[in-house]
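Computation of the quantities below employed the complete heavy-atom set of this structure, encompassing side-chain atoms and omitting hydrogens, waters and symmetry-equivalent molecules.
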Amino acid sequence: YQSYLVVRADSPVHRVSQLRGLRFGFTSRRSSSSWIFPRAFLQQQGIDLEADLTPVELGSHDAAVDALRAGEVDVAAPSSDTLVTREALGPGDLRIVAQAGRIPFDCIAVRRGALPPDLLARVRYAVLRLNALNPEGRAALAGYMTIDGFVPASRAHYAAFPRERLSPPARVGYPVDDGGVPHGKQ
């Protein structure tokens, strides 16, 4: 999925450089699509999200879009899933100013040594079979955002994550075992 910086269609903002001084609606400081990626993207553009904008924590992507529409914030960073599933980008309603980054979906992680190897192999096999190509997979994934299956992950899947030191509580770890299967923080 992706992170976008979105404004109302009637906003005078058309470029990232015009965002300084505006109210920035986001979900939480732990959100990849609403805080971590936009913050890193803006830093690359020479804009400090916390010093150059006024961050407004709204708790959810839907709330960020609603606050933007209501004029309570000037720019928001909803995920692409929110824009797609809510059909948030209606005709003449909102406008994308920039794409802040492409983000891998959440992973299913197992702490190293938490499961016996044979059970881990069976769980991995079952999860990788959950996909839109079979009826059982389609049924299981029907309510889960816009994904259509799972793939084995590697370091490359997470290479896009910003690596700079993030302010607490948004510090993120990216351990990956030698087999290329992500696992949780240890």
Side-chain angles (χ1 to χ4, degrees), residues 1-107 132 141 144-151 153-167 169-174 176 182:
Y1 68 109
Q2 300 181 49
S3 171
Y4 291 102
L5 300 178
V6 180
V7 297
R8 289 170 38 140
D10 60 359
S11 170
V13 174
H14 292 275
R15 293 183 311 278
V16 172
S17 61
Q18 297 173 303
L19 295 175
R20 283 184 175 83
L22 300 182
R23 296 167 296 169
F24 174 78
F26 70 101
T27 63
S28 87
R29 292 175 192 268
R30 293 179 185 252
S31 171
S32 297
S33 59
S34 189
W35 182 263
I36 296 171
F37 275 73
R39 180 176 167 205
F41 172 77
L42 290 170
Q43 283 177 343
Q44 291 170 354
Q45 307 300 312
I47 297 173
D48 183 319
L49 194 152
E50 295 178 274
D52 296 329
L53 287 92
T54 302
V56 179
E57 189 166 357
L58 297 163
S60 75
H61 292 286
D62 288 341
V65 169
D66 292 342
L68 180 61
R69 282 194 168 117
E72 297 165 7
V73 296
D74 306 300
V75 60
S79 71
S80 56
D81 282 339
T82 301
L83 297 178
V84 170
T85 58
R86 281 188 45 150
E87 299 176 7
L89 288 176
D93 193 15
L94 304 176
R95 181 169 28 85
I96 296 171
V97 173
Q99 178 188 349
R102 185 170 167 82
I103 307 162
F105 272 101
D106 299 338
C107 68
L141 297 171
Y144 189 71
M145 296 191 272
T146 57
I147 69 166
D148 57 9
F150 295 92
V151 297
S154 69
R155 278 189 200 282
H157 285 97
Y158 298 92
F161 270 89
R163 296 292 193 202
E164 82 278 358
R165 186 174 180 89
L166 300 173
S167 304
R171 294 173 68 185
V172 179
Y174 312 99
V176 175

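Remark: R20 pairs with no residue by the side-chain hydrogen bond (donor to acceptor under 3.5 Å, both in side chains) rule, at least two apart or across chains. The side-chain hydrogen bond (donor to acceptor under 3.5 Å, both in side chains) search around S3 returns none, not counting sequence neighbours. In this structure, the side-chain contact (heavy atoms from CB on, under 4.5 Å) partners of S31, at least two apart in sequence or on a different chain, are T27, S28, S33, S34, H61.
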Side chain to side chain contact (heavy atoms under 4.5 Å, CB included) between V75 and L53, intermediate numbers included: CA-CA 10 Å; V75 60; L53 287 92; 4.1 Å; yes
Derivation of the side chain to side chain contact (heavy atoms under 4.5 Å, CB included) call for V65 and L94: CA-CA 9 Å; V65 169; L94 304 176; 4.0 Å; yes
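Side-chain N or O atoms of R23 include one that pairs as donor or acceptor with a backbone N or O of E72 at under 3.5 Å. At least one donor-acceptor pair closer than 3.5 Å links the side chain of R95 to the backbone N or O of V13.
Contact of the L49 side chain with the W35 side chain is registered, since non-hydrogen atoms from C-beta on lie closer than 4.5 Å. With contacts defined as side-chain heavy-atom distances shorter than 4.5 Å, the pair L5/L42 qualifies. Looking only at side-chain heavy atoms (C-beta outward), P78 and V6 come within less than 4.5 Å of each other. By the 4.5 Å heavy-atom criterion applied to side chains, Q45 and R15 are not counted as neighbours. For the pair V73/L58, a side-chain contact is recorded, criterion being any heavy-atom separation below 4.5 Å from C-beta on.
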